[in-house]
Amino acid sequence: MIKAPTGTNDILPDRIPLWRYVEEHARKQCALYGYREIRTPIFESTQLFVRSIGEVTDIVEKEMYTFQPKVERSDNPAKENSRESFTLRPELTAPVVRAYLEHHLDREQKSQKLFYLGPLFRHERPQKGRFRQFHQLGVEALGFSNPLVDVEIINLAQSFLKTIGLDGCVLKINSIGCPECRTGYRNVLRKYFAGHKDQLCANCRERLDRNVFRILDCKNKQCYEIAARAEPINNSLCAGCRTHFDAVLAGLEKNGLSYQLDHHLVRGFDYYTRTIFEITHSALGAQDAVGGGGRYDNLIAELGGSPAGATGWALGLERIILALEAVKNSNLIIQPDKLKVFVASVTQELGSESFALVSELRKKNIAADMDYEGRSLKAQMRLANKQEVSYVIILGPEELTKNAVKLKNMQSGQESEVQRDDLFDLFLKKNMI
RNA sequence: GUGGGUGUAGCUCAAUUGGCUAGAGCACCAGAUUGUGGCUCUGGUGGUUGCGGGUUCGAACCCCGUCACUCACCCCA
């Protein structure tokens, strides 16, 4: 039997209401903060991700689904040689910035607040809360440098999570400064960790050259202890970054948003500058981040726009749902879509009669269905019961001669004979729809 | 990519540790006086024990391989 690829998930009808619940609140909350939805392609030019995420990141090095489409027939041999490489999007910040620049949204209005909702792809080994196809909700505030906008997006994330009933989220925040102050800090760290080189894990010894910042993030106990004594980046921030970060923290406090200052916090993508943050939840296991984000003041210019600040975040929908189910918030009531009416026929010959009635009900916007498999009346009733319909309309030869139907309330069990012509009036009058 | 754990009916799990025709609960289907759901009762359908090989008189059980799921490393949502 053919199965879904490793790390992908079918979202079956029973779980759809939960997904919709999260998605609908996401859209509502984003709109409330003035963010507009944007949808970009599922795949993009490979170069877009290489340029934005960074060439030496795990994502670009080994986790991208990259492909080259079959050669298009062309009279121009040069065209056949230039087969472009595409990649299933492993993140959405770069595509959104690309669309923003490509369609000159920046010229229409320099500052744009956008959000998205959709699937992403990374070829990783799956585990709890980590999949090869997963979904993110994200916001991008493009063209903004004001630290208050950092506060705004954090505020938006927090209020969204609160609205859907996900209690117990923790906000961790840090500043990694701009490229200038980071260079200074990099040297400080290199010097410090080099002094403890023999105590670091093999991985971190390699990181010493490639990416010192990652050592701060290492979960190895010994590395962690050494990292804990490393000088925090705070001391290396330039005046501009210092002021910006202080303003963000002050803004959070003023708005009653609690946070944990975490000098070990580092992000995986190259484009981040200044403010970075992560929202974690203890119910998630090893992959405990429900989301993360930060400021990326150089990405717009990097992708060909005129220099402008920007900030954003992404939340993992699978992880939100995982945590939501673990929290078991009793206030959380999610109503599945249910049929209103089931039309049952006593004899099989009445099938077309039932079909006409079902069509009529649907035309009047009443969700209705019937049996097509020639089941017994008993079996039809069972089916109706299982689908939790409010009413069953029974069509029988007896009633038919009187131009009537039986209407059964499935909750009370009460049953009454109703003239067919009165049926819809009755539904309206009794407010049964 | 690396390591651990687990694969028996649609689901959750048994099978006296190598021995009868692989069982149970739930679910599903049908029936319990002739046109009626839920509760109860009765009966029924459903398994190449993930797959392939090996050891053995005999394998769900032991060995090898393989695949899948899962957790963790790594990394990240």
Counting only distance, no hydrogens or angles, is the base of rC76(B) paired donor-acceptor with the side chain of Arg319(A) under 3.5 Å? yes

When both distances are under 3.5 Å in a Watson-Crick or G-U wobble arrangement, the nucleotide paired with rC76(B) is none

In this structure, how many angstroms lie between the C1' atom of rU70(B) and the NZ atom of Lys3(A), rounded? 13 Å

Between Arg20(A) and Asp337(A), is the closest basic N to carboxylate O distance under 4.0 Å? yes

Taking only the P atom of each, what is the distance from rC63(B) to rA59(B) in whole angstrom? 16 Å

Scanning all shown strands, the Watson-Crick or wobble mate of rA15(B) with both distances under 3.5 Å is none

Would you indicate what Thr6(A) reaches in the nucleic acid, counting non-hydrogen atoms under 4.0 angstrom: base, sugar-phosphate, or nothing? sugar-phosphate

Could you tell me whether Ala379(A) contacts a base, only the sugar-phosphate backbone, or nothing, with contacts defined as non-hydrogen atoms closer than 4.0 Å? sugar-phosphate

Using 4.0 Å as the upper bound for N to carboxylate O, is an ion pair formed by Glu91(A) and Arg122(A)? no

If you look at every strand shown and take non-hydrogen atoms under 4.0 Å, does Ala289(A) touch a base, only sugar-phosphate, or nothing? sugar-phosphate

Does Asn409(A) reach the main-chain N or O of Tyr391(A) with its side chain, forming a donor-acceptor pair under 3.5 Å? no

Heavy atom of residues 118-138 of chain A under 4.0 Å from RNA chain B: which residues? Arg122(A), Glu124(A), Arg125(A), Gln127(A), Lys128(A), Gly129(A), Arg130(A), Phe131(A), Phe134(A), Gln136(A)

For rG31(B), the Watson-Crick or wobble partner whose two distances fall under 3.5 Å: rC41(B)

Separation of Tyr272(A) atom OH from rA77(B) atom P, in whole Å? 6 Å

Distance check, rounded to the nearest 0.5 Å: Asn234(A) atom CG versus His263(A) atom NE2? 4.5 Å

Quickly work out the Asp288(A) CG to rC71(B) C1' distance and round it to whole Å. 15 Å

For Asn9(A) and rU70(B), what is the distance between atoms CG and C1' respectively, to the nearest whole Å? 13 Å

In whole angstroms, how far is the P atom of rA77(B) from the CZ atom of Phe277(A)? 11 Å

Between Val139(A) and Tyr116(A), what is the shortest heavy-atom contact and its length? N-CE2, 4.4 Å

Please report the distance separating the C1' of rG43(B) from the corresponding atom of rG54(B), rounded so that it comes out in whole Å. 43 Å

Taking the same atom, P, in rC51(B) and in rA22(B), what whole-Å distance lies between them? 15 Å

Nearest-nucleotide 5' precedence on RNA chain B, Glu278(A) against Leu284(A): Leu284(A)

To the nearest angstrom, how far is Ile2(A) atom CD1 from rA68(B) atom P? 14 Å

Between Leu161(A) and Cys169(A), which heavy-atom pair has the shortest distance, and what is it? CD1-SG, 3.9 Å

Without decimals, in angstroms, what is the distance between Gln222(A) CD and rC73(B) C1'? 17 Å

Check nucleotides 32-40 of chain B for protein N or O atoms closer than 3.5 Å to its own N or O atoms and list the pairs.
from	atom 1	to	atom 2	distance (Å)
rG35(B)	O6	Glu398(A)	N	3.3
rG35(B)	O6	Glu398(A)	OE2	2.9
rG35(B)	N1	Glu399(A)	OE1	2.9
rG35(B)	N1	Glu399(A)	OE2	3.0
rG35(B)	N2	Glu399(A)	OE2	3.1
rU36(B)	O2	Lys408(A)	NZ	3.0
rU36(B)	O2	Glu415(A)	OE1	3.1
rU36(B)	N3	Glu415(A)	OE1	2.8
rU36(B)	N3	Glu415(A)	OE2	3.1
rU36(B)	O4	Glu415(A)	OE2	2.8
rG37(B)	OP1	Lys378(A)	NZ	3.2
rG37(B)	O2'	Asn385(A)	ND2	3.1
rG37(B)	N7	Lys408(A)	NZ	3.1
rG37(B)	N1	Met410(A)	O	2.6
rG37(B)	N2	Asn385(A)	OD1	3.0
rG37(B)	N2	Met410(A)	O	2.7
rG37(B)	N3	Asn385(A)	OD1	3.0
rG38(B)	O4'	Asn385(A)	ND2	3.1

Pairs touching residues 176-202 of chain A that satisfy side-chain hydrogen bond (donor to acceptor under 3.5 Å, both in side chains), sequence neighbours left out: none

Would you check, one step at a time, whether the test side chain to side chain contact (heavy atoms under 4.5 Å, CB included) holds for His281(A) with Val327(A)? CA-CA 10 Å; His281(A) 196 283; Val327(A) 167; 3.6 Å; yes

Taking atom C1' in both rG37(B) and rA72(B), compute the distance separating them and give it to the nearest angstrom. 48 Å

Specify whether Phe269(A) and Tyr271(A) have parallel, tilted or perpendicular ring planes, treating 30° as the upper limit for parallel and 60° as the lower limit for perpendicular. tilted

Does rC69(B) have a Watson-Crick or wobble partner in any strand here, with both distances under 3.5 angstrom, and which is it? rG5(B)

rC71(B) and rG65(B): how far apart are their P atoms, nearest whole angstrom? 25 Å

One thing to verify: whether Arg362(A) and Asp369(A) come together as a salt bridge, which I'm taking to mean a side-chain N less than 4.0 angstrom from a carboxylate O. yes

Say we look at rG5(B) and rU42(B): how far apart would their C1' atoms be, to the nearest angstrom? 42 Å

What interatomic distance, in whole Å, is found between P of rG25(B) and the corresponding atom of rC69(B)? 32 Å

Heavy-atom closest pair (Thr163(A) atom, Gln29(A) atom, distance to 0.1 Å) is OG1-NE2, 3.5 Å

Euclidean distance, atom CD of residue Glu63(A) to atom P of rC74(B) [Å, nearest integer]: 13 Å

Could you classify rU8(B) for me, syn or anti, using a glycosidic angle within 90° of 0 as syn? anti

Using atom C1' of each nucleotide, how far apart are rU21(B) and rG4(B) to the nearest Å? 38 Å

